Amino acid sequence: MIGQAVLLMCFSILIIWGGLVASVVMLKRKPAPYDEEFVTDMAEAASRE
Amino acid sequence: MSAQKSAAPAAQRRARESWGSQRGFLMAAIGSAIGLGNIWRFPGVAYENGGGAFILPYLIALLGIGLPILFLDYAIGHKFRGSAPLALARISPKAEVLGWWQVMVSFIILVYYGVILAWAISYAYFSITLAWGDSPKDFFFGEYLQVAGVEDGISFTPVWGIFGPLAAVWVTVLVVNARGIKAGIEAATKVFIPLLVVLFIIVVVHALTLPGATDGLNTLFTPKWEALGSAQVWMAAFAQIFFSMSIAFGIMVTYASYLPKRSNLTGSGLVAGFANSSFELLAGIGVFAALGFMANAQGVAVADLENFKGVTLSFITFPQIISTMPFGQVFGVIFFLCLFLAGITSLMSLVQVVAGAFQDKFDWSPKRASLIVSVLAMVGSLTIFATHTGLQALDTVDAFINSIGVITAAITGTVLVTIGAPMLGKLRRHLNAVSSFKVGIWWDYLIGYVAPAMLTAMFIEGVIGYIAKPYSDYPQWWLAIFGWGTVGFAAVMAVILTWLRWSTPVDTAAVRDLDNVDWAKEVAK
């Protein structure tokens, strides 16, 4: 294959498939949190009402 | 408007269905995004718009409008907990009509989309005997579709070879969707998507082992850097991302509305977005490796081949390749099965957009809504698209509903949350409150300025093109019916459906923000 084509193919794979792997890892590592600050604010607001 | 005129104020809305797991939602979202366009559109678009250099505008489009609009859909669906009309009515009663516009656009797409799946099933079967013989083109247009010219008028005579598989497609979709979100769509996509990936990897690996495959990859990936200076190339990248991600016309709003409150919205969006692009890239590699083989067999350059995209790529070029390659029959069955699997998961999501909207507005059960929507779509499909002029009808409706219907839905959606009922800040806070990946103020600018600007440019380009020159040289009466007429029909139906009464209250207060979450309990967790 032509050098530039190989480079571009590898770059595309790295970025897109790498992005997929990274986002899966991120999703697994951080179990759906509520933003603590937001939650605390809302709880305070609720207690004031 | 009608959002406020509830017929039965005392009536309770049915308990909302929900996904069984985050993985189930992800599979369904990925299944919706991965469709026929990933396999037959991306490779050709990339090749025609800079080859390897296309990856740059493509990535910018993915990060610049694809993922941000996907997050917007998730935020609206999750925050306002409804199908597009209900969610938008909860944002502003006047916005309900936009929700129905999205539903009608989805309905029109699903009516013709099923036909292509019927072709794929037929071709999986034809692959066993290489039924197309020496001339796949004549076989496809003549023997299989039995295409007649539109000059003789619209044909309502069924082509039985399409009619049967199409009816089978609709029965499959009906059965799956009627079982509901968890037992139907989620259960089906959990099987279909992994199966699609495995089968498609087999296709790609086989294509890569063929002589000439590297010529195909060279053709696809050799960069034409000068293309980056062309506005057309950038528009093509944005259009590819926009049309391949199933965004901005109600699908993801509907799917996100079935998520539990504690859901990682942006994290799921990143996975779905990158999974969609990953599959496109895989398809590009597989398709161009196969094209390289064909060029090698014919002793020509890959660039000299024709039919790089769409229907002709799948149903004319690929049969040619299948006929000449080793293990062609097996390859053919798997390839067309992949087309079918990619398409049916998208079709199920389109049906759910419409069925979900009717469930919300008229308090129908999932079974009833799916039955009515699927039967209506099946009748439309069989009457218009399984006929001798079905191909031309499909071509025209597809072009107009995408470049006018889908894009106007996206433009008005982004303008609504930016100017009409400004709430980008609220939606961003909602995303950040429940997700691991935090979006910043940049998201507001991308949704408020960049996305509408790019979409408007795409819209103007499409409309000017259709006005300046009759689309595909079809007669004006034909375009008036299947082009502008389809768009007009969707608009009229959207207005009528908006004016009909809700069977249950729209109950905006109960679902706004995360008000119904017990925050003290959340803090204690």
Side-chain angles (χ1 to χ4, degrees), chain A, chain B residues 22 26 46 51-56 58-59 62-63 214-215 217-223 225 260-282 284-285 429-438 513-515 517-525:
Chain A
M1 273 179 79
I2 298 168
Q4 268 195 326
V6 174
L7 270 179
L8 260 298
M9 188 172 82
C10 293
F11 175 74
S12 307
I13 289 172
L14 186 71
I15 297 287
I16 293 177
W17 294 357
L20 175 61
V21 172
S23 52
V24 170
V25 169
M26 195 171 78
L27 190 67
K28 291 207 165 185
R29 276 193 179 170
K30 295 190 175 178
Y34 276 116
D35 182 292
E36 290 306 325
E37 206 174 311
F38 181 83
V39 169
T40 311
D41 289 350
M42 292 301 286
E44 283 172 7
S47 67
R48 279 198 299 274
E49 282 171 6
Chain B
Q22 180 166 265
L26 262 176
F54 182 73
I55 194 68
L56 195 63
Y58 178 83
L59 279 174
L62 173 66
L63 302 175
T214 50
D215 297 338
L217 297 181
N218 276 332
T219 309
L220 176 62
F221 286 105
T222 299
W225 296 112
K261 288 239 171 264
R262 186 177 279 272
S263 297
N264 192 339
L265 297 181
T266 54
S268 304
L270 286 172
V271 174
F274 276 106
N276 178 61
S277 292
S278 296
F279 193 86
E280 284 195 327
L281 185 59
L282 188 67
I285 292 170
R429 281 192 291 280
H430 181 87
L431 283 170
N432 288 340
V434 295
S435 303
S436 54
F437 175 76
K438 310 296 178 193
D513 290 315
L514 294 167
D515 288 350
V517 173
D518 185 342
W519 293 108
K521 204 183 274 178
E522 290 299 329
V523 173
K525 277 182 185 172

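Remember, it's a predicted structure, so these values are computed and weren't measured experimentally. Labels below follow one simple rule: chain letters A, B, ... track the order of the sequence lines, proteins then strands, and each chain is numbered from 1.
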* Asked: So what's closer than 4.5 Å to chain B heavy atoms on A:I15: side chain, backbone, both or neither?
  -> both
* Over all heavy atoms of both residues, which pair between B:N432 and B:K438 is shortest? Give the atoms and the distance, please. => O-NZ, 2.7 Å
* Structure fact -> Between B:L431 and B:T266 the two heavy atoms that sit nearest each other are CD2-CG2, 4.0 Å
* Can you tell me how far CZ of B:R262 sits from CD of B:Q22, rounded to the nearest 0.5 angstrom? -> 12.0 Å
* Taking atom CG of A:L8 and atom CH2 of B:W225, what is their separation to the nearest 0.5 Å? -> 4.5 Å
Does any heavy atom of chain A fall under 4.5 Å from the side chain of [X], the backbone, both, or neither of them?
X: B:L26; answer: side chain
X: B:L217; answer: both
X: B:L282; answer: both
X: B:S268; answer: both
X: B:L220; answer: neither

* Asked: Which pairs count as side chain to side chain donor-acceptor pair (under 3.5 Å) when at least one residue sits in residues 2-23 of chain A, sequence neighbours excluded?
  -> none
* Asked: So which of A:A22, A:G19, A:G3, A:G18 has the largest heavy-atom pair count under 4.5 angstrom toward chain B?
  -> A:G19
* Structure fact -> One option among B:G273, B:P223, B:A53 has the most heavy-atom pairs under 4.5 Å with chain A, and it is B:P223
* **Non-neighbouring partners of B:T222 that pass side-chain contact (heavy atoms from CB on, under 4.5 Å), sequence neighbours left out** => A:I2, A:A5, B:N218
